[in-house]
Amino acid sequence: MNQGTPPRLRFAPSPTGPLHPGGVRTALFNYLLARQTGGTFILRIEDTDQTRFVEGAEQFIIDSLAWCGITFDEGVHLGGPYGPYRQSERKLMYRQYAMDLVEKGAAYYAFDTEQELDEMRDRMKASGTASPQYNSITRVNMKNSLSLPADEVNRRLEAGDPYVIRFRMPRNEEVRVQDVIRGWVVVNTSQLDDKVLFKSDGMPTYHLANVVDDRLMHITHVIRGEEWLPSTPLHVLLYRAFGWEDGMPLFAHLPLLLKPDGDGKLSKRDGDRLGLPFYAINWTNPDTGETTAGYREAGYFPEAYVNFLALLGWNPGDNREMFGMDELVQAFSLERVNKHGARYDFQKLAWFNQQYLRKISAAELAVLVRPQAESAGWSPSPGFLEEVCRLMQERLTLLGDFTQMSAFFFEFPHRYDPEVVEKRWKAPVPACFLSMAEALEGAESMGAKELEEVFQSKVSEAGLKPGQVMQAFRLALSGEGGGPALFEMGALMGRDSVVARLRKAVELLGHG
RNA sequence: GGUCCGUUCGUCUAGGGGUUAGGACACCAGAUUUUCAUUCUGGUAACAGGGGUUCGAUUCCCCUACGGACUACCA
């Protein structure tokens, strides 16, 4: 199958809403294989259902993947030799392929109305059939070109009666599908129905469009979600009916992404429920105006997100787990993709993000963090911000944590942690701080070393031990009980600020 | 209901006829940091159940249970 030909892979989402994490992963795996093999990666938009079109969804898909570093060689946004890449723009040609199948006897016209279909299903349910199907048994009782006299069929066609084209599913035949991940899957056609291939609105259904386009675009590997496995036998039958079986692509059906807890597949609600971002980038619903948070805006690294996603359902076979995109391209293989679904673990994603956050320099971090610092109303010098980053870097998990966790560098404390006040703000401390403030005021300059010297000498003058005062000192400077190295922190705040903070703490917290 | 797919620590997973069933996240404990976090060390924790096959099964086969997908003129 396709040996020697350069691989061509596609990601083929429908623009019916924001791109789900499972879709990002599907795109990623396709991308990895394309890059690894020197193949071509194509973005095709499957918009054959006009009723489900969502404004902005297509651009969202492109932007989401671009943020992840997933790039295409051909596609709706790039063009290419096999365009157009939007199925609605290929509309006219699908009819010919459907009619070709009719001529070959592999498909037929059906004129049944919605009501007639409903009635058929109701009838069958009433007589005990669990899942009523339009198939080789039932079609004889319906209005189609197999059951109706030829002249009536022609009359209806000429009169412009609405019709669909259905696949003529063989009655009892084993269809074998080879899946790279799952091996051979065998289904009997008696379980399958006469699927609509061509709709009465003149659009193909997924099944037809997908097979025709994959053929026309010379797709060699179809890597898609597990939800497509049940209809793959139909697709194989379509390739066969067209006479394209020898050029059929390889199929690989990816396991699903599951909820972090409980049963079922991952959904937007899981992000909402946990108050965590869900999409790659912010999504605003064009109808409601409601925005769902994305990882980009929440301060995640795309590298971390991609790394995390890659390890959901795939593993390299050894204990490595930090993978840059290039390394993923090297290491990836369909053979090492799991068969079972993987729970989406937000905590692990946060951990990956932390790892990536630590890999960059303080200077780089400062650049990334500046926008939020500025929107918090601070305008630190580059040098100061970098120093803050140097002290804070190992304590951050997300970029987005920065403002909240570093606020005390830029502002005086708005509150003093009551627990620490209760425990550490004891009688001799305020007086000691006041004398520190005085001593510092007289000092010419104040680095971490000088600050510590003043601290030590005033503490011993007061007859105290450093351990008894340290926490209160931190509290006075930052309002909190934890934080970066105390004297470095103070040095960075600067002498005047430290003096003022000490006095203000005494003023607000009293003399114990 | 039917069809198909699946099932190793709480989670992501490695492994595979004979292993102390390995790693990572999370969690817990200790060390270091006179803070918190980091870091380091250690720890708790898994082969869904039942039948086979076999000298031996978590690994192979079957059944059951459970989970999931699909079952539209949606993709």
Side-chain angles (χ1 to χ4, degrees), chain A residues 12-17 46-49 51-52 87 110 112-114 117 121 125 128-134 162-166 177 179 181-183 185-188 190-193 195-207 209-210 224-233 253 255-256 258 260-261 263-265 308 311-322 336 338-352 354 358 392-397 405 417 420 424 465-475 478 480-486 489:
Chain A
S14 59
T16 53
E46 310 225 329
D47 58 347
T48 51
D49 184 356
T51 63
R52 292 213 306 160
Q87 287 181 332
D112 313 277
T113 63
E114 211 172 306
L117 289 170
R121 293 186 187 112
K125 273 187 181 153
T129 306
S131 50
Q133 290 188 321
Y134 202 119
Y163 66 87
V164 299
I165 294 175
R166 285 182 180 271
V177 176
D179 182 279
I181 295 167
R182 288 151 213 282
V185 176
V186 183
V187 179
N188 192 291
S190 62
Q191 304 300 328
L192 273 17
D193 63 348
K195 277 271 177 296
V196 171
L197 301 177
F198 192 79
K199 302 187 271 186
S200 57
D201 65 359
M203 279 286 201
T205 60
Y206 172 84
H207 305 294
N210 161 262
R224 75 231 299 193
E226 190 184 352
E227 67 269 26
W228 293 110
L229 193 53
S231 54
T232 305
H253 290 91
L256 261 24
L258 272 19
D261 45 52
D263 294 335
K265 65 176 177 181
F308 165 71
L311 259 17
L312 248 28
W314 171 83
N315 74 82
D318 53 39
N319 287 335
R320 288 177 298 162
E321 53 182 357
M322 296 303 292
R336 294 207 64 90
N338 286 124
K339 296 178 175 71
H340 57 266
R343 283 188 194 277
Y344 190 89
D345 183 356
F346 287 93
Q347 246 176 343
K348 186 104 184 213
L349 171 56
W351 179 81
F352 272 112
Q354 189 178 35
R358 284 182 190 165
M392 295 305 293
Q393 186 159 14
E394 67 180 20
R395 340 178 75 79
L396 299 173
T397 299
M405 288 182 69
D417 186 334
V420 185
R424 303 288 184 179
K465 295 210 159 127
Q468 297 174 275
V469 190
M470 217 108 186
Q471 282 278 83
F473 190 66
R474 177 182 294 283
L475 181 80
S478 71
E480 291 173 32
L486 186 48
M489 184 180 99

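The chains referred to below are lettered A, B, ... by the order of the sequence lines, with proteins before strands, and numbering in each begins at 1.
- Backbone-only engagement by Arg336(A) is indicated by non-hydrogen atom pairs under 4.0 Å involving sugar-phosphate atoms exclusively.
- If you measure from atom CD of Glu394(A) to atom P of rC40(B), you get 12 Å, rounded to the nearest angstrom.
- At a threshold of 4.0 Å, the pair Arg52(A)-Asp49(A) counts as salt-bridged, since one of the basic side-chain nitrogens sits closer than that to a carboxylate oxygen.
- A straight line from CG of Asn315(A) to P of rU11(B) spans 17 Å, rounded to a whole angstrom.
- Side chains of Arg182(A) and His253(A): no donor on one and acceptor on the other come within 3.5 Å.
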Could you go over nucleotides 21-29 of chain B and give all protein N or O partners under 3.5 Å, atom names and distances?
from    : atom 1 : to        : atom 2 : distance (Å)
rA24(B) : O4'    : Glu321(A) : OE2    : 3.4
rA24(B) : O2'    : Glu321(A) : OE1    : 3.1
rA24(B) : O2'    : Glu321(A) : OE2    : 2.5
rA24(B) : O2'    : Lys348(A) : NZ     : 3.1
rA24(B) : N3     : Lys348(A) : NZ     : 3.4

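- Between the C1' atoms of rC25(B) and rG43(B), the separation comes to 16 Å (whole Å).
- Under the Watson-Crick or G-U wobble criterion, with both distances below 3.5 Å, rC27(B) is paired with rG43(B).
- Distance, Met489(A) CE to rC36(B) C1': 11 Å, rounded to whole Å.
- A salt bridge is defined here as a Lys NZ or Arg NE, NH1 or NH2 lying under 4.0 Å from an Asp or Glu carboxylate O, and Glu226(A) with Lys265(A) fails to meet this definition.
- Here Glu46(A) pairs with Arg44(A), Gln87(A) under the side-chain hydrogen bond (donor to acceptor under 3.5 Å, both in side chains) rule; sequence neighbours left out.
- By the side-chain contact (heavy atoms from CB on, under 4.5 Å) test, Asp112(A) pairs with Ala110(A), Glu116(A), Leu117(A), Tyr134(A), Met142(A), Lys143(A), sequence neighbours left out.
- When the P atom of rA37(B) is taken as reference, atom CZ of Arg358(A) falls 12 Å away, rounded to whole Å.
- When the ring-ring contact (aromatic ring centres under 6.0 Å, His included) test is applied to Trp351(A), no partner is found at least two apart in sequence or on another chain.
- Residues Pro484(A) and Arg474(A) have side chains in contact (heavy-atom distance under 4.5 Å, counting atoms from C-beta outward).
- Pairing for rA21(B) is absent, with no Watson-Crick or G-U wobble pair whose two atom distances lie under 3.5 Å.
- The partner of rU58(B) is absent, by the rule that a Watson-Crick or G-U pair needs both atom distances under 3.5 Å.
- Look at CG on Asn338(A): it is 14 Å from P on rU11(B), rounded to the nearest Å.
- Scored by the side-chain contact (heavy atoms from CB on, under 4.5 Å) test, Gln393(A) finds Leu357(A), Ile360(A), Ala362(A), Leu365(A) as partners (sequence neighbours excluded).
- Nucleotides rU11(B) and rA48(B) are separated by 12 Å at their P atoms, to the nearest Å.
- Counting to the nearest Å, the P atom of rC47(B) and the NE2 atom of His340(A) are 16 Å from each other.
- The gap from the C1' atom of rC28(B) to that of rC66(B) amounts to 31 Å, rounded to the nearest Å.
- Using a 4.0 Å heavy-atom criterion, one finds that Pro484(A) contacts the bases of the nucleic acid, with or without backbone contacts as well.
- Nearer to the 5' terminus of RNA chain B, by closest-nucleotide assignment, is the contact made by Ile181(A) (compared with the other of Ala485(A) and Ile181(A)).
- The partner of rA75(B) cannot be assigned: no Watson-Crick or G-U wobble pair with both contacts below 3.5 Å exists in any strand.
- In this structure Asp318(A) satisfies the side-chain hydrogen bond (donor to acceptor under 3.5 Å, both in side chains) test together with Arg320(A), sequence neighbours excluded.
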Polar atom pairs between nucleotides 43-45 of chain B and protein, under 3.5 Å, N or O only, would you list them?
none

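- Side-chain N/O atoms of Arg343(A) and base N/O atoms of rU11(B) include no donor-acceptor pair closer than 3.5 Å.
- By the ring-ring contact (aromatic ring centres under 6.0 Å, His included) test, Tyr344(A) pairs with Phe308(A), Phe346(A), sequence neighbours left out.
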Once base and sugar-phosphate atoms are separated, protein heavy atoms under 4.0 Å mark nucleotides 66-75 of chain B, 5' to 3', with B, S and - as -SSSS--BBB
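- As judged by a 4.0 angstrom heavy-atom cut-off over every strand, Asp318(A) is placed among residues making no nucleic acid contact.
- Counting non-hydrogen atoms under 4.0 angstrom, Gly313(A) reaches the backbone sugars and phosphates but no base.
- A search for ring-ring contact (aromatic ring centres under 6.0 Å, His included) contacts involving Phe198(A) returns nothing, not counting sequence neighbours.
- Remark: rC66(B) base-pairs with rG6(B). Criterion, Watson-Crick or G-U wobble with two distances under 3.5 Å.
- Nucleotides rA57(B) and rU71(B) have their P atoms positioned 42 Å apart, rounded to a whole Å.
- One atom, CG of Leu486(A), and another, P of rU35(B), lie 11 Å apart when rounded to the nearest Å.
- Distance check on atom P: rU58(B) versus rU19(B) gives 11 Å, rounded to whole Å.
- With sequence neighbours left out, the side-chain contact (heavy atoms from CB on, under 4.5 Å) criterion links Arg424(A) to Val420(A), Gln471(A), Ala472(A).
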Test side-chain hydrogen bond (donor to acceptor under 3.5 Å, both in side chains) applied to Arg121(A) and Ser131(A), step by step: CA-CA 8 Å; Arg121(A) 293 186 187 112; Ser131(A) 50; over 6 Å; no
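- Pair assignment for rU33(B): none, as no Watson-Crick or G-U wobble contacts are both less than 3.5 Å.
- The side-chain contact (heavy atoms from CB on, under 4.5 Å) test applied to Ser190(A) returns Asn188(A), not counting sequence neighbours.
- Nucleotides rC27(B) and rA14(B) are separated by 24 Å at their P atoms, to the nearest Å.
- To the nearest whole angstrom, the two P atoms, one in rC63(B) and one in rG2(B), are 15 Å apart.
- With C1' as the reference atom, rU8(B) and rG49(B) are 15 Å apart, rounded to whole Å.
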